[in-house]
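Structure record follows, encoded as structure tokens.
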Amino acid sequence: MPTGPFASSVGIGRAEPEWAALNRVQETVGKDPIFQAGEASEAPLQLDGAILSGDLSTVGSCDLLIVGAGLSGAVLAERCSRELGMSSLILDKRDHIGGNCYDYVDEHGIRCSKYGAHLFHTQFERVWDYVLQFSEWIPFDHRVKGLVPDQDGVKKLVPIPPTQESVNTLFGERIQTEEEMQAWYDKERIPPPSGDPKNGEEAALSRVGPRLFEKVFKHYTKKQWDKYPAELDASVLLRLPCRTSTDDRYFPDPWQALPMRGYTRIFENMLLNDPNITIRLNCDFFKLKEAGSLPSHKLLVYTGQIDSYYAALGMPKLEYRSLRFEEEFLQEPEDGFFQEAMVVNHPSPDVSFTRIVEYKHIPNQPTAVKEGKVRGTLIAREYSSAEGEPYYPVPNPANRELYEKYAALAAKEEGVAFVGRLASYKYFNMDQAILNALEMFDNLKETGKLEPKRKPEDFGPGKGDWLVRKDTVDFVVHVKACALYSDVSTQGSKLSFSSAEVFEGKGSRYGPVAPLKSLEDAIGFNGI
């Protein structure tokens with residue numbers, strides 16, 4: 001049973017020393033203007049009545065009418081005010097700011113997330129420098145465990161993505177070196193019959209082999225997407241990470257941290273004390289629009305679902321997967337904790353939830369939790385669902401084709417900028433959403449148009465550690481604190497390299513990245 005928060009010899013929330021050292025965040029950094037002004041609360045601030053009222057009768061005209069108080073809308077409001085002196089009115093149908101990043105302190109004193117665990121990590125120095133303005137940050141190396149049956153059917157707690165430890169524990173191997181691990185993968189893998197994988201199952205078997213596929217990926221995929229890998233596009237599972245080292249960190253990015261007083265504090269510092277920014281919550285944009293109650297504005301910034309914006313046209317809806325959270329507060333867990341890590345995945349088909357999150361493990365808990373004064377613990381079982389708040393676009397050709405039709409309509413829409421993951425039908429990690437908004441702001445300054453500098457797919461997979469685009473592309477592979485920048489051509493699932501450039505921190509069109517130490521350090525990208 002757990003004896004305390006998930007930790008290493010480096011500290012709570014940290015990886016083992018060899019891997020923790022690769023995190024460029026090694027101490028508390030950044031600034032929290034609200035805290036510096038004397039606010040001692042570790043919970044979200046109480047918003048004033050006007051913000052919560054949903055009343056627009058006292059709101060005048062504005063430069064930007066922003067629909068959505070999440071990352072994309074907040075970044076644009078903050079940048080346009082700070083650098084251009086532009087005014088914004090932010091509307092949101094929810095009763096809080098922060099979008100899906102919103103976290104709060106519950107009645108037991110535990111900091112938790114309303115919409116599931118959020119872990120900040122980035123390869124983009126520009127994004128890291130930006131967020132340092134709005135919060136103090138503490139280092140955090142996210143590590144995930146999975147409760148997976150071994151070869152005798154006994155469930156064992158192992159690192160996810162699988163590492164040497166995972167394979168040794170599940171299959172009775174004695175792998176001790178990266179070369180031995182690579183040899184194990186080479187022996188396990190099953191090449192696609194036709195040369196190129198035709199679906200997700202063929203892709204997964206070519207990446208991890210049948211045994212890891214069956215125990216870790218097959219049924220988890222079914223629970224997450226309500227489709228077996230054989231029913232999904234090959235590209236979805238070609239991203240499966242193949243770790244050869246003992247690095248059990250979930251993310252390889254060079255900056256990994258948690259906001260000391262929660263994610264909501266970031267939005268409070270960005271928005272609440274700016275006279276150019278007005279916020280109204282509990283507002284339904286579409287009802288206000290239909291009633292003719294929206295104030296005059298020069299530009300509409302829409303961060304909601306693009307298919308909802310065009311609902312009146314009667315076109316089909318885009319498909320999303322959602323999450324349902326089943327929370328339980330345990331009064332007297334042994335040693336104060338329910339499980340050994342913050343996140344424990346359950347990939348087996350015998351339970352219907354995908355994972356359990358125990359927030360008490362994270363090191364940005366309020367002081368009372370860290371001092372052991374909160375005896376109980378809060379856990380959240382996560383279930384994937386087709387109903388509810390939209391979280392994940394479903395990656396298949398039909399949805400992509402439908403989105404392109406919506407995108408064509410959006411491109412012709414005068415006076416409207418479509419921004420963010422829902423408007424782009426693309427899962428953005430937090431840092432990708434911030435970078436996208438920053439680059440759109442760059443365009444506004446440079447051209448007078450609030451437009452993206454790249455297509456959504458050019459950000460690469462959300463939650464992935466590489467960026468890829470078909471045909472000839474630029475890509476970035478991030479492993480440990482290293483990066484490779486190159487031009488490549490894709491031929492099915494295989495890659496041929498052209499004019500590869502190993503560089504010392506020069507960055508790329510995707511923003512500054514960390515220098516590559518050696519080509520051997522690059523893993524997790526199509527077998528490299």
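Along the sequence shown, residues carry numbers from 1. Here the structure is a predicted model, which is why all the values come from computation and not from measurement.
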Could you label the plane-to-plane angle of the [X] and [Y] rings as parallel, tilted or perpendicular, counting under 30° as parallel and over 60° as perpendicular?
{"X": "W137", "Y": "Y263", "result": "perpendicular"}
{"X": "F353", "Y": "H346", "result": "perpendicular"}
{"X": "Y302", "Y": "F286", "result": "perpendicular"}
{"X": "Y104", "Y": "Y102", "result": "parallel"}
{"X": "F6", "Y": "H361", "result": "perpendicular"}

Check: [X] side chain, [Y] main-chain N or O, donor-acceptor pair, under 3.5 Å:
{"X": "S53", "Y": "D55", "answer": "yes"}
{"X": "S166", "Y": "V158", "answer": "no"}
{"X": "E334", "Y": "F337", "answer": "no"}
{"X": "T278", "Y": "L89", "answer": "no"}
{"X": "R111", "Y": "R261", "answer": "yes"}
{"X": "K215", "Y": "P347", "answer": "no"}
{"X": "E358", "Y": "F338", "answer": "yes"}
{"X": "K360", "Y": "Q365", "answer": "no"}
{"X": "D92", "Y": "A69", "answer": "yes"}
{"X": "Q26", "Y": "A20", "answer": "yes"}

Minimum heavy-atom separation for [X] to [Y], with atom names?
{"X": "N436", "Y": "P452", "value": "OD1-CB, 4.2 Å"}
{"X": "C112", "Y": "Y359", "value": "CB-CD1, 3.5 Å"}
{"X": "S72", "Y": "A437", "value": "O-CB, 4.0 Å"}
{"X": "E382", "Y": "G116", "value": "OE2-CA, 4.1 Å"}
{"X": "S9", "Y": "E16", "value": "OG-OE1, 4.3 Å"}
{"X": "P254", "Y": "T122", "value": "CD-O, 3.5 Å"}

Taking atom [atom1] of [X] as the centre, does the number of heavy atoms from other residues, nucleotides or ligands within less than 6.0 Å exceed 12?
{"X": "K453", "atom1": "NZ", "result": "yes"}
{"X": "K317", "atom1": "NZ", "result": "no"}
{"X": "Q36", "atom1": "CD", "result": "yes"}

(request) For D95, check side-chain hydrogen bond (donor to acceptor under 3.5 Å, both in side chains) against everything at least two apart and list the hits. (result)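 Partners of D95 under the side-chain hydrogen bond (donor to acceptor under 3.5 Å, both in side chains) test: none.
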(message) According to side-chain hydrogen bond (donor to acceptor under 3.5 Å, both in side chains), who are the partners of E83, at least two apart in sequence or on a separate chain?
(response)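 side-chain hydrogen bond (donor to acceptor under 3.5 Å, both in side chains) list for E83, sorted by chain: R79, K445.
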(request) Decide yes or no on side chain to side chain contact (heavy atoms under 4.5 Å, CB included) for W19 and D141, but give the supporting numbers first. (result) CA-CA 9 Å; W19 309 112; D141 307 306; over 6 Å; no
(request) Take L56 and L91 through the side chain to side chain contact (heavy atoms under 4.5 Å, CB included) test and state the conclusion after the steps. (result) CA-CA 10 Å; L56 301 185; L91 305 180; 3.8 Å; yes
Below 4.0 angstrom, N of the basic side chain to O of the carboxylate: do [X] and [Y] qualify?
{"X": "E389", "Y": "R94", "answer": "yes"}
{"X": "K93", "Y": "D284", "answer": "no"}
{"X": "E328", "Y": "R381", "answer": "yes"}
{"X": "R400", "Y": "D233", "answer": "no"}
{"X": "E371", "Y": "K373", "answer": "yes"}
{"X": "R143", "Y": "E165", "answer": "no"}
{"X": "E340", "Y": "K145", "answer": "no"}

[atom1]/[X] to [atom2]/[Y] distance, rounded to the nearest 0.5 angstrom?
{"X": "I34", "Y": "I266", "atom1": "CD1", "atom2": "CD1", "result": "11.0 Å"}
{"X": "H142", "Y": "D248", "atom1": "NE2", "atom2": "CG", "result": "11.0 Å"}
{"X": "Q432", "Y": "S424", "atom1": "CD", "atom2": "OG", "result": "11.0 Å"}
{"X": "H219", "Y": "Y228", "atom1": "NE2", "atom2": "OH", "result": "6.0 Å"}
{"X": "M430", "Y": "N100", "atom1": "CE", "atom2": "CG", "result": "11.0 Å"}
{"X": "N396", "Y": "L232", "atom1": "CG", "atom2": "CG", "result": "8.0 Å"}

Beyond-backbone contact of [X] with [Y], side-chain heavy atoms, under 4.5 angstrom:
{"X": "K222", "Y": "P349", "result": "no"}
{"X": "K155", "Y": "S348", "result": "yes"}
{"X": "N429", "Y": "F251", "result": "no"}
{"X": "V357", "Y": "F325", "result": "no"}
{"X": "E78", "Y": "D274", "result": "no"}
{"X": "D226", "Y": "R321", "result": "yes"}
{"X": "V148", "Y": "T169", "result": "no"}
{"X": "N345", "Y": "V144", "result": "yes"}

(request) Scan Y320, Y427, F428 and name whichever one has a ring-ring contact (aromatic ring centres under 6.0 Å, His included) with Y392. (result)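 When ring-ring contact (aromatic ring centres under 6.0 Å, His included) is applied between Y392 and each of Y320, Y427, F428, only Y427 qualifies.
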(request) Return yes if a side-chain donor-acceptor contact under 3.5 Å exists between N399 and E319, otherwise no. (result)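 Checked: N399/E319 side chains pair up, N/O donor to acceptor below 3.5 Å.
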(message) What I want to check is whether the side chains of D103 and S113 have a donor and an acceptor closer together than 3.5 Å.
(response)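 Note: D103 and S113 side chains miss the donor-acceptor criterion.
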(message) Using the side-chain contact (heavy atoms from CB on, under 4.5 Å) criterion, which residues pair with S352? Sequence neighbours excluded.
(response)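 Result, side-chain contact (heavy atoms from CB on, under 4.5 Å) vs S352: Y383.
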(request) Verify side chain to side chain contact (heavy atoms under 4.5 Å, CB included) between Y309 and V416, making sure each step is shown before the conclusion. (result) CA-CA 11 Å; Y309 187 87; V416 182; 3.5 Å; yes
(request) Determine, for F35 and R265, whether the Lys NZ or Arg CZ falls below 6.0 Å from the six-membered ring centre while staying within 45 degrees of the axis. (result)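 That pair does not qualify as a cation-pi contact.
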(message) For a side chain to side chain contact (heavy atoms under 4.5 Å, CB included) check, start with the C-alpha distance between Q133 and R82, then their side-chain angles and the critical distance, and finish with the verdict.
(response) CA-CA 12 Å; Q133 303 175 70; R82 186 75 59 89; 3.9 Å; yes
(message) Check for me whether the distance between the ring centres of Y406 and F418 falls short of 6.0 Å.
(response)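 No, ring centres 6.0 Å or more apart.
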